[in-house]
Asker: 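Once you've had a glance at the structure underneath, I'll fire off some questions.
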Amino acid sequence: MYLLIENACLAMTMDDRGREISDADILVKGGVIQAVGQNLRAGLAPEVAQNLSTHSAKGCLVTPGLVNTHHHLYQTMTRAVPEAQDGLLFGWLKTLYPIWARFGPAEMHSGAVIGLAEMALSGCSLSSDHMYIYPNGARLEDSIEAAQRVGLRFHPTRGAMSIGESNGGLPPDSLVEREADILEDMIRVIDAHHDIREGSMLRVGVAPCSPFSVSRELMRDSAVLARDKGVMMHTHLAENQEDIAYSREKFGCTPGEFARDLGWVGEDVWHAHCVKLVAEDLTLFAATKTGIAHCPCSNCRLGSGIAPVREMLDAGVPVGLGVDGSASNDMGNLIGEARQMMLLQRVKNGADAMSVREALCVATRGGAEVLGRNDCGQIAVGKRADLAIWDLGGIEAAGSWDPAAILLAGPQKVRDLYVEGRHVVKEYQLTTVDLPKAIETQNQLARALMA
Ligand SMILES: [Zn+2]
């Protein structure tokens, strides 16, 4: 069966030529884009025309599905916790750790369903996740099953914390694991779930939480493991000034040097935040194609600073966009995040520092490249059919002169979302999960935690 998306006001392809096609049609079969252009229907072969479903995108902008490169899905269960509303990173974490220590599989699963549903409704077709606590029997599968229910392409990472308070780390001892157990479970989840095939819906990575919650040995060992298994590596790096001070005091180096010394640079690595990376670090990251997950709202929420995204892009560092966990955002709206990135770069560097088009490219193709997915993030023949359809007929875009400029005037929710050619969001509604029921479950679990 073929699918023809027809008559889009504009398609922003993010292909190698950066083509923007007006009155665009997109032909899809089996999760793969077969053709992109104008008046495709007129040239269809009879066997295609006889097996065709069509979807009008009249009055809409079509972009590749957005890509989220950093999240902690379980944190949707702890949004807007009063005591954590106004803290810096370390104080914020210390408030939330004891609450997260009471989580189990149900909280992990519910949080992931809600977080991924939010991603889908804001136009995201591919999300990573960084799950770094495993209390009370929680497993990576709690989030994997949620992604399979919601229908998103998913890159979960087996995160970890191993240095508790009694050893000079930040988290309480009750939330850390033995390093041997961590490595064993990393191997287990990679062997069980990692799918390297083109078009994969599920790829697993390894992700020690941060330099201030694991040992240098675990950083090094997990890098060796990841390279042995051929999976990607992810962690938090250089998030704010406290993070820099900890690195200087404990390790006698900057976070960039820390990453280099432990093998945490390369095209199979991406780091979240990097707000405080210095120029030499950016040169190193560019030369090694080490990726960055930029999380502008979280950086604002925690007062961490404005990441040097303009400088990163100019240096040639791969940059993607992330919403970060919903305890530090506290929304999960990826198209809103793209606008925030664009605005922050303008605050820092002037009104011409980042265009709408560049921001949308970072949010789509940029993120796909950071996650090692050259088969996603573009509307081009042979790429996966991950497509976001944005209705320009609503009040937000009324009077707009430029259909591409949705980060200036445009919808904050996607009208339709296709993932691997499947219709996951239809007319603003998820086709896959019963959202009111999922919200009720989430609120029940959150209320129990408040009690
Ligand atoms: Zn994070």
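Here the structure is a predicted model, which is why all the values come from computation and not from measurement.
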Asker: Please list, chain by chain and in numerical order, all residues satisfying side-chain hydrogen bond (donor to acceptor under 3.5 Å, both in side chains) with Ser162, sequence neighbours excluded.
Answerer: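 Checked Ser162 against side-chain hydrogen bond (donor to acceptor under 3.5 Å, both in side chains); matches are Glu179.
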Asker: May I ask you to decide if Ser326's main-chain N or O and Thr76's side chain share a donor-acceptor pair within less than 3.5 Å?
Answerer: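 Absent.
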Asker: Distance check, rounded to the nearest 0.5 Å: Leu89 atom CG versus Phe212 atom CZ?
Answerer: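 Output value for this atom pair is 5.0 Å.
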Asker: I'd like to check the salt bridge (Lys or Arg N to Asp or Glu O under 4.0 Å) partners of Glu6; sequence neighbours left out, ordered by chain and number.
Answerer: Arg41
Asker: Looking at every non-hydrogen atom in both residues, tell me the closest pair between Ala359 and Ala338 and how far apart they are.
Answerer: CB-O, 4.1 Å
Asker: At what distance, to the nearest 0.5 angstrom, does CD of Glu420 lie from CE of Met201?
Answerer: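 That separation rounds to 6.0 Å.
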Asker: Atom NZ of residue position Lys426 - does it have more than 12 heavy atoms of other residues, nucleotides or ligands inside 6.0 Å?
Answerer: no
Asker: Do the side chain of Thr432 and the main chain of Val150 share a donor and acceptor less than 3.5 angstrom apart?
Answerer: yes
Asker: Donor-acceptor pair, distance only, cut-off 3.5 Å: does the side chain of His71 make one with the backbone of Asp129?
Answerer: no
Asker: For the CE atom of Met14 and the SG atom of Cys361, what is their distance to the nearest 0.5 Å?
Answerer: 5.5 Å
Asker: Nearest 0.5 Å please: distance from the CG atom of Asp281 over to the NZ atom of Lys276.
Answerer: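 It comes to 13.0 Å.
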Asker: What heavy-atom pair brings Ala238 and Leu277 nearest, and what distance separates the two atoms?
Answerer: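 Closest heavy-atom pair between Ala238 and Leu277: CB-CD2, 3.9 Å.
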Asker: Does a donor on one side chain sit under 3.5 Å from an acceptor on the other, for Trp390 and Thr63?
Answerer: yes
Asker: Looking at Ile389, is its backbone amide N or carbonyl O close enough to the side chain of Arg415 to form a donor-acceptor pair, meaning the two atoms are under 3.5 Å apart?
Answerer: no
Asker: Step through the shown structure and confirm whether more than 12 heavy atoms of other residues, nucleotides or ligands are within 6.0 Å of CZ on Arg260.
Answerer: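 Yes.
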Asker: Tell me, do Leu183 and Asp221 make a side-chain contact under 4.5 Å, heavy atoms counted?
Answerer: yes
Asker: Taking salt bridge (Lys or Arg N to Asp or Glu O under 4.0 Å) as the criterion, tell me which of Arg178, Arg139, Arg158 meets it with Asp185.
Answerer: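 Checked Arg178, Arg139, Arg158 against Asp185; only one passes salt bridge (Lys or Arg N to Asp or Glu O under 4.0 Å): Arg158.
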Asker: With distance as the sole criterion, is a donor-acceptor pair present between the side chains of Asp324 and His72 under 3.5 Å?
Answerer: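 Per modelled atom types, Asp324 and His72 side chains form a pair under 3.5 Å.
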Asker: Counting only N and O atoms by type, is there a donor-acceptor contact under 3.5 Å from the side chain of Arg19 to the main-chain atoms of Thr13?
Answerer: no
Asker: Are the side chain of Ser247 and the backbone of Ile244 linked by a donor-acceptor contact shorter than 3.5 Å?
Answerer: no
Asker: Counting only heavy atoms not in Lys29, do more than 12 sit closer than 6.0 Å to its NZ atom?
Answerer: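 For Lys29, atom NZ is not crowded (no more than 12 foreign heavy atoms under 6.0 Å).
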Asker: Do we see a donor-acceptor contact under 3.5 Å between the side chains of His109 and Glu141?
Answerer: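 There is no such pair between these side chains.
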Asker: Within a 6.0 Å radius of atom CD on Gln85, are there more than 12 heavy atoms belonging to other residues, nucleotides or ligands?
Answerer: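 For Gln85, atom CD is crowded (more than 12 foreign heavy atoms under 6.0 Å).
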Asker: Using the test side-chain hydrogen bond (donor to acceptor under 3.5 Å, both in side chains), find all partners of Trp264 that sit at least two apart in sequence or belong to another chain.
Answerer: none
Asker: What pair of heavy atoms forms the shortest contact from Val28 to Gln34, and how long is it?
Answerer: C-CG, 4.0 Å
Asker: Quick one: does NZ or CZ of Arg384 land under 6.0 Å from the six-membered ring centre of Tyr418, within 45 degrees of the ring axis?
Answerer: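 No; the conditions do not both hold, so Arg384 does not lie above the ring face of Tyr418.
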Asker: Do Thr78 and Trp100 meet the criterion of a side-chain donor-acceptor pair at a distance under 3.5 Å?
Answerer: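 Yes, side-chain donor-acceptor contact under 3.5 Å.
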Asker: Are His294 and His271 near enough that their ring centres are under 6.0 Å apart?
Answerer: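 No, too far apart.
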Asker: Any chance you could measure Asp402, atom CG, to Glu20, atom CD, to the nearest 0.5 Å?
Answerer: 7.5 Å
Asker: Measure from the side-chain N and O atoms of Lys348 to the backbone N and O of Ala353, and report whether any donor-acceptor pair falls under 3.5 Å.
Answerer: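 Side chain of Lys348 to backbone of Ala353, a donor-acceptor pair under 3.5 Å: no, none is there.
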Asker: Do the ring centers of His55 and His423 come within less than 6.0 Å of each other?
Answerer: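 Ring centres of His423 and His55 closer than 6.0 Å.
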Asker: Mark yes or no for whether Arg203, through its side chain, and Asp195, through its backbone, hold a donor-acceptor pair below 3.5 Å.
Answerer: yes
Asker: Could you tell me whether a side-chain N or O of Asp142 sits under 3.5 Å from a main-chain N or O of Met108, the two making a donor and an acceptor?
Answerer: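 Here the side-chain-to-backbone pair does not exist.
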Asker: For the pair Gln378 (side chain) and Pro64 (backbone), establish whether a donor and an acceptor sit closer than 3.5 Å, ignoring hydrogens and angles.
Answerer: no
Asker: Please check if any side-chain donor atom of Glu337 sits under 3.5 Å from a side-chain acceptor atom of Asn329, or the reverse.
Answerer: yes
Asker: Step by step, work out the side chain to side chain donor-acceptor pair (under 3.5 Å) result for Asn240 and Ser304.
Answerer: CA-CA 5 Å; Asn240 74 349; Ser304 300; 4.6 Å; no
Asker: With the side chain counted from C-beta on, respond yes when Val67 and Thr364 share a heavy-atom pair under 4.5 Å apart, and no when they do not.
Answerer: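 Side-chain contact under 4.5 Å: no.
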Asker: Is there a donor in the side chain of His273 and an acceptor in the side chain of Asn299, or the other way round, less than 3.5 Å apart?
Answerer: yes
Asker: With rounding to the nearest 0.5 angstrom, report the CD1 to CD1 distance, Ile190 to Ile196.
Answerer: 12.5 Å
Asker: Decide whether His155 and His234 meet the rule of one side-chain donor and one side-chain acceptor closer than 3.5 Å.
Answerer: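 There is no such pair (donor and acceptor under 3.5 Å, judged by atom type) between the side chains of His155 and His234.
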Asker: So do Tyr74 and Glu107 actually touch side chain to side chain, heavy atoms under 4.5 Å?
Answerer: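 No, their side chains stay 4.5 Å or more apart.
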